Amino acid sequence: MVNLFFLKRVLDKIARIKYVNRWVVFTADLGISFISSLIASSFVFFVMESGLTRERLTQLILLSVACSAVSFVMFSSYKRIIRHSTFIESGLLGLVSFIKVLLESIILAYFLPILSPREIMFFAAIDGFVTFFLLVTSRVMLIIVYRYIKDSSGQEKQNLLIFGTGNRAASMLNGSIHNSFRNIKGVYRIMGCLTFDRHQGYRLSGYRIYKIESQEDFNELVTRLRIKAILFPDYKIVKEESERLVRFCEKKKIRMFTLPSVDEVKDGKLNLLALPEVRIEDLLGRSEIKINMKEIAQELKGQVVLVTGAAGSIGGELCRQLCTFGLKQLVLFDSAETPMHNIRLELEEKFPDVELIPVMGDVRMPARVESVFTRFKPYIVFHAAAYKHVPLMEDNPCEAVQTNVFGTRTVADLSVKYKVSKFIMVSTDKAVNPTNVMGASKRLAEIYVQSLSMAMQNGKKEGETRFITTRFGNVLGSNGSVIPRFREQIKKGGPITVTHPEIIRYFMTIPEACRLVLEAAFMGKGNEIFVFDMGTPVKIVDLARRMIELGGLIPGEDIEIKYTGLRPGEKLYEELLATKENTLPTLNEKIFRAQVREYDYEEVADSITQLSQIALCVDRVGTVRMMKQLVPGYVSQHSEFENLDKEKESVSDKNLLTTNY
């Protein structure tokens, strides 16, 4: 019993070895080449009855080893990871063997005439064939032994099927993933491929292909093979199968994983420890925005980039994507300590070559913000710092103004002062005809940024910074958003709370939103507001039902859906961001430029100064009253401030806006 336990520990340690030292492989290959040449020499000596002496035999063997070493070094055959070898590797070994005997033949024919031409021909043929055969056989045996050890180690495996038989599925089996692999959710053994096509009984890279047609077929296969997970080649296929295979998996409570997209694979290496599970975001998202990553990389490479709000959902994802562009420094600025600590640890682990500078601070503190500009002199600023939750800002309008309006003004002014090339502001769809404090505060931030940009463009203010604004819809999976809340409610057994049975929202994923920001940073020339084609709206109650089903539960039976009524400042239907009436097209068919009027910078600056002073006095009603005067399209809904709209009707509309796109 003790010996068995000891053996399992030894096997487990061997299974965890990443690779064998290349010089060990090189030495082993030389030994194989030596044996091959010895066999070929014996054939020439005994079968052909050659008069080969011991001295000449020694010369022949040494020549063979030398030629082998040259051939191995030329093609680096010993640097390959043997356990990941594929059929293609045999071609390389054949070339290595051919070069070896070619060198031997040339030297024996012209420089070391110890064999006759006929003997050289037979020696080269036998030596080349045996060398190739033994090199391939040794690698096959090592792969078999390694996989046997992996299967015999103490790691409990769960069975998995790969969906599809296309190129990416084949490449997974041939290269990235083999008989078994470890994921963050456990250790999985690949049992074969799953398909709805006519491939029953065929094999792909040695793995059997299983065909199904219905839920019953899937259930039977899963039970028979004891399948615990399905691996999709990419997100696109997940979306295509959202109403078929995904549903099958939901009902049987089978885990679903996806491989990352090609541009997420760093240096061609796939991180099997971080394969993402299929989330509701993957089922709702549309086709990803296509952007020219190379051109963006050329602009950002070697530059210092500052991200405010770097510990938030959007700011954090921006940092992840920016880390792939070869920056000189990435400065992370945020006031939230624990989220900043977490994003720092994550980025340091994923991007060890990027110089990260985490800075604790608040955009409402001009001196602290200026210290960052003085020290690092950023080339581009991504301004994502903001308060975003509608009900909270409805209760705290003074804080919304101080952060979203005054904070934006502070960062924008310092960007001009320290000659930042581009200032990219993250805004929201709620700035369009706002019905709440949060949306109005973001609209005022947009107005200030645009007026500052126009003042520089018209020569009324010195500066070269280009200001660009991007407007998002709702972001799936962001901190405090509907999906994390629904997940938590499902874990507790329900009920799921929805404000209204007819409420709808437009959604985008966090990576999709951040790609929009990057596209805007590259596309924008200055003084633009870019908006996104949000696609088809989603009913929140349908989203709730789908999340319940994803958990393998039945809506209304296992988990109740409860309606709580619209919250303060909340709209039933969101505004369309992009229409022909309020936008212009760009080179990207999914991105539009909003049509906006020009603003007088001095007038805007004076108005925002007054607003900030009122907010500093914590005058809630006075703050909202002035916001309504500055943003005529701002009409409160389901809010205590609705009575202020009647006052606004008697106020002249001469200040800032007549159109609020």
Side-chain angles (χ1 to χ4, degrees), residues 308-309 312 314-315 333-335 361-370 381-390 392-416 423-455 467-472 529 569 596 599-634 636 639 641 644 648 655-657 660:
T308 69
I314 295 295
F333 188 84
D334 207 294
S335 60
D362 197 315
V363 293
R364 297 174 296 184
M365 300 172 62
R368 181 56 173 150
V369 179
E370 185 161 15
V381 172
F382 290 90
H383 180 53
Y387 284 144
K388 65 178 183 178
H389 292 294
V390 170
L392 270 178
M393 293 306 99
E394 207 67 19
D395 292 335
N396 300 274
C398 300
E399 292 301 307
V401 167
Q402 286 298 98
T403 298
N404 294 357
V405 184
F406 179 72
T408 299
R409 176 179 182 172
T410 297
V411 180
D413 288 348
L414 289 170
S415 295
V416 174
F423 176 100
I424 316 300
M425 176 184 165
V426 174
S427 190
T428 171
D429 60 344
K430 293 173 179 61
V432 181
N433 297 324
T435 61
N436 50 65
V437 167
M438 194 281 282
S441 67
K442 293 296 285 185
R443 180 63 189 135
L444 284 169
E446 290 182 356
I447 290 170
Y448 182 79
V449 164
Q450 287 178 280
S451 66
L452 177 59
S453 180
M454 290 302 301
F467 286 90
I468 299 151
T469 299
T470 57
R471 284 179 181 164
F472 302 155
I529 294 180
V596 293
Y599 314 103
D600 182 79
Y601 171 71
E602 296 296 337
E603 191 173 323
V604 172
D606 290 343
S607 298
I608 286 179
T609 298
Q610 295 176 39
L611 178 63
S612 299
Q613 289 172 349
I614 296 172
L616 274 175
C617 296
V618 199
D619 182 354
R620 295 174 69 251
V621 174
T623 297
V624 177
R625 179 183 286 115
M626 187 168 185
M627 292 177 75
K628 288 179 177 292
Q629 293 172 5
L630 299 177
V631 185
Y634 173 22
S636 297
S639 171
F641 302 117
L644 297 178
K648 192 176 69 169
N655 277 23
L656 299 179
L657 291 176
N660 198 30

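Side chains included, hydrogens not; waters and symmetry mates left out as well; all remaining heavy atoms used. Owing to the predicted nature of the structure, the values given are computational and were not obtained by experimental measurement.
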Under 3.5 Å donor-acceptor pairs involving side-chain atoms of residues 610-618, not counting sequence neighbours:
{"unit_1": "S612", "atom_1": "OG", "unit_2": "I608", "atom_2": "O", "d": "2.9"}

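No side-chain N or O of T469 forms a donor-acceptor pair with one of E446 less than 3.5 Å apart.
The line from CE of M438 to OG1 of T403 is 12.5 Å long, rounded to the nearest 0.5 Å. Separation of atoms OG (S607) and CD (E602) is listed at 11.0 Å; rounding is to 0.5 Å. Atom CZ of R620 is separated from atom CD of E399 by 11.5 Å, given to the nearest 0.5 angstrom. One distance of note links CG of D619 with CZ of R625; it measures 7.5 Å at 0.5 Å rounding. Between the NZ atom of K442 and the CG atom of D429 there is a distance of 11.5 Å, given to the nearest 0.5 Å. Rounding to the nearest 0.5 angstrom, the gap separating the CG atom in N396 from the CD atom in Q402 is 12.5 Å.
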- Just do the side chain to side chain contact (heavy atoms under 4.5 Å, CB included) check on Y634 and R443 with the steps written out, would you? CA-CA 9 Å; Y634 173 22; R443 180 63 189 135; over 6 Å; no
- Could you go through the side chain to side chain contact (heavy atoms under 4.5 Å, CB included) check for D413 and L452 one step at a time? CA-CA 8 Å; D413 288 348; L452 177 59; 3.8 Å; yes
- Begin from the C-alpha positions of M425 and T408 and carry the test side chain to side chain contact (heavy atoms under 4.5 Å, CB included) through to its verdict. CA-CA 8 Å; M425 176 184 165; T408 299; 4.1 Å; yes
- Any chance you could lay out the side chain to side chain contact (heavy atoms under 4.5 Å, CB included) test for K628 and S636, step after step, and finish with the verdict? CA-CA 9 Å; K628 288 179 177 292; S636 297; 2.7 Å; yes
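Using a distance-only test at 3.5 Å, with no hydrogens or angles considered, no donor-acceptor pair links the side chain of D362 to the main chain of M365. Under the 3.5 Å distance criterion, the side-chain polar atoms of T308 are matched with a main-chain donor or acceptor of A384. Judged by distance alone, with hydrogens and angles left aside, the side-chain atoms of R364 form no donor-acceptor pair with the main-chain N or O of T410 at under 3.5 Å.
Nearest approach of G309 to A385, heavy atoms of both residues: N-CB, 3.6 Å. Looking at every heavy atom in both residues, T623 comes nearest to C398 through OG1-SG, 3.5 Å. Contact record, A440 with P434: N-CB, 3.5 Å, taken as the closest heavy-atom pair. When all heavy atoms of P366 and L414 are compared, the pair lying nearest together is O-CD1, 4.0 Å.
Between Y599 and M454 the shortest side-chain heavy-atom distance does not fall below 4.5 Å.
Within the structure, ring-ring contact (aromatic ring centres under 6.0 Å, His included) pairs that include any residue of residues 423-450 comprise H383-F423, F423-F467, Y448-Y601 (at least two apart or interchain).
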